[in-house]
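Here's the structure we're looking at; comments come further down.
Fair warning: this is a prediction, and the values are worked out from it, not measured in the lab. The first residue in the sequence is number 1, and the count goes up from there.
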Amino acid sequence: MQDAFATALERWPRDGTPRNPAAWIVATARNRAIDRIRRERTLERKTELLARLEALRTDEEDDVSSIPDDRLSLVFTCCHPALSTDAQIGLTLREVAGLQTHEVARAFLVPEATLAQRLVRAKRKIRDAGIPFRVPPDHLLPERLRAVLAVLYLVFNEGYAATAGDALVRRELCDEAIRLAKLLAVLMPDEAEALGLLALLLLQDSRREARTTPGGDLVLLEDQDRTLWDQARIDEGLRVLDRALGLRSAGPYQLQAAIAALHTEPKTDWTQIAALYAQLAERTPSPVVELNRAVAVAMAAGPESGLALMRDLPLDEYHLYHAARADLLRRLERLDEAAEAYRRALELAQTEPERRFLSQRLAEIS
């Protein structure tokens with residue numbers, strides 16, 4: 001109920017008082033409660049499962065694992081190497097992190113039906129092959145680390161930029177991902193990518209309070225009030241990044257953390273950011289990485305250069321692709337093309353802050 005009243009204080013002055021305020025409060029509170037209960041029940045079920053698995057361990061296994069947290073243990077348990085990496089990550093996001101199927105599908109940039117089929121196939125494989133799920137001993141943790149890092153990264157991403165809803169940021173997911181990343185860094189202090197992921201999450205999260213207005217509207221990075229950035233988080237993230245880079249050559253999370261670190265500089269070096277995205281594209285090729293590189297190139301060398309790199313990217317169902325194209329076309333004053341791209345982004349965007357922002361930009365050029 002408190003959450004519902006807080007939401008009302010934010011939204012009613014902007015959107016107007018609903019026709020039935022009491023019903024609105026009750027409905028909003030009920031929806032928040034259902035969401036919270038669902039997530040708590042998911043954790044309770046999995047924690048109970050872990051306890052049962054622990055009870056089945058033999059005396060010889062009593063000291064095989066030193067994972068200091070139940071949920072982190074569950075993540076390692078579900079990231080079973082007998083499954084494909086995508087299946088490990090998808091199942092863990094759904095069954096342990098409590099993300100909904102459409103949220104997991106967004107993380108993989110696939111239709112919800114496709115993701116649902118993958119999960120069904122993975123569960124069938126677990127059942128038919130009799131794959132045992134138990135907390136892995138310490139010496140087997142490294143072989144599961146890649147999938148575990150991806151799970152924490154995608155949980156944070158869903159918190160940092162929600163798939164749908166009234167709010168852009170889901171704070172509880174950001175906080176939980178950072179908490180688990182810190183535990184992982186303590187558990188595996190010599191793993192450079194574990195430190196790189198933690199640095200990335202801290203640096204990204206440092207801008208949380210500046211990313212939306214008090215009314216919940218989206219604020220672009222270049223327009224953010226930097227006095228609202230959490231300097232303590234930035235300092236911590238930079239320290240962790242230095243440790244990570246000192247261990248071995250930069251991996252994907254270290255590269256992304258280095259990009260996030262450059263954004264904390266008083267003057268953004270877009271040429272260096274574009275070069276880091278080029279390295280990231282070599283290490284982990286993906287259309288989204290190429291889109292980010294294109295945006296960085298556009299900021300460094302002009303909108304035409306960025307649009308050329310975006311031309312053949314297979315991201316027609318990704319709203320940020322169309323939003324980025326629209327912005328570059330707007331800067332070039334190709335307003336008809338920009339309007340078309342904004343309209344396509346609006347069709348795909350599912351959070352209200354993003355939809356309001358895109359609608360405003362479209363109205364400005366129409």
Exercise. Taking it one step at a time, do Asp225 and Thr227 satisfy side chain to side chain donor-acceptor pair (under 3.5 Å)?
Worked result: CA-CA 5 Å; Asp225 180 357; Thr227 64; 2.6 Å; yes
Exercise. Passes salt bridge (charged side-chain N to carboxylate O under 4.0 Å, His left out), Glu337 versus Arg330? Steps please.
Worked result: CA-CA 8 Å; Glu337 295 173 82; Arg330 179 182 63 86; over 6 Å; no
Problem set entry | Full working for salt bridge (charged side-chain N to carboxylate O under 4.0 Å, His left out) between Arg334 and Glu304 | CA-CA 11 Å; Arg334 292 160 58 178; Glu304 288 282 10; 3.7 Å; yes
Problem set entry | Pair Tyr342-Arg325, side chain to side chain donor-acceptor pair (under 3.5 Å): steps then yes or no | CA-CA 8 Å; Tyr342 276 128; Arg325 283 192 69 253; over 6 Å; no
Exercise. Should Trp270 and His263 be marked as a ring pair (Phe, Tyr, Trp, His ring centres under 6.0 Å) after you check the CA-CA gap, both sets of side-chain angles, and the distance that decides it?
Worked result: CA-CA 9 Å; Trp270 286 105; His263 282 303; 5.3 Å; yes
Problem set entry | Worked check of side chain to side chain donor-acceptor pair (under 3.5 Å) between His80 and Gln88 | CA-CA 6 Å; His80 198 289; Gln88 293 175 44; over 6 Å; no
For this session: Take Val169 and Tyr160 through the side-chain contact (heavy atoms from CB on, under 4.5 Å) test and state the conclusion after the steps.
Result: CA-CA 5 Å; Val169 178; Tyr160 186 78; 5.9 Å; no
Exercise. Could you go step by step and tell me if Leu328 and Leu332 meet the side-chain contact (heavy atoms from CB on, under 4.5 Å) rule?
Worked result: CA-CA 6 Å; Leu328 298 184; Leu332 291 170; 5.5 Å; no
Problem set entry | Stepwise side chain to side chain donor-acceptor pair (under 3.5 Å) test for Glu354 and Thr351 | CA-CA 6 Å; Glu354 289 174 311; Thr351 66; 2.6 Å; yes
For this session: Would you sort out whether Leu145 and Leu149 count as a side-chain contact (heavy atoms from CB on, under 4.5 Å), showing the intermediate values?
Result: CA-CA 6 Å; Leu145 180 61; Leu149 292 174; 3.9 Å; yes
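Salt bridge absent: Arg211 and Asp205 never bring a charged side-chain N and a carboxylate O closer than 4.0 Å. A salt bridge is absent between Arg239 and Asp235: the closest approach of a Lys/Arg side-chain nitrogen to an acidic carboxylate oxygen does not fall below 4.0 angstrom. With salt bridges taken as basic N to acidic carboxylate O contacts below 4.0 Å, one links Arg344 and Glu317. Salt-bridge check for Lys123 with Glu95: passed, with a basic side-chain N closer than 4.0 Å to an acidic carboxylate O. In summary, Arg106 and Glu158 engage in a salt bridge, as defined by a charged side-chain N under 4.0 Å from a carboxylate O. For the pair Asp327 and Arg361, the salt-bridge criterion is met [side-chain N within less than 4.0 Å of a carboxylate O].
The hydrophobic cluster containing Leu202 does not contain Leu241, counting ILVMFWY residues as joined when their side-chain heavy atoms lie under 4.5 angstrom apart, directly or transitively. Residue Leu195 is not grouped with residue Leu276 when hydrophobic side chains (ILVMFWY) are merged at heavy-atom distances under 4.5 angstrom, including chains of intermediate members.
The line from OG of Ser286 to CG of Leu280 is 7.5 Å long, rounded to the nearest 0.5 Å.
No more than 12 heavy atoms of other residues, nucleotides or ligands shown are found within 6.0 angstrom of CG on Asp312. Shown here is Glu333, whose CD atom has no more than 12 heavy atoms of other residues, nucleotides or ligands within 6.0 Å. Annotation: Asp336, atom CG; neighbour count of heavy atoms from other residues, nucleotides and ligands within 6.0 Å does not exceed 12. Environment of CZ in Arg146: sparse, with no more than 12 heavy atoms of neighbouring residues, nucleotides or ligands closer than 6.0 Å. For Arg127, the CZ atom sits in a packed shell: over 12 heavy atoms of surrounding residues, nucleotides or ligands are nearer than 6.0 Å.
Side-chain contact, Tyr153 with Gln256: a donor N or O sits under 3.5 Å from an acceptor N or O.
The closest side-chain heavy-atom distance from Gln100 to Arg94 is below 4.5 Å. Between Leu154 and Ile89 the shortest side-chain heavy-atom distance falls below 4.5 Å. Side-chain contact between Asp217 and Pro353: absent, with no pair of heavy atoms (C-beta onward) separated by less than 4.5 Å.
Smallest separation of non-hydrogen atoms from Ala281 and Glu290: CB-OE2, 3.4 Å.
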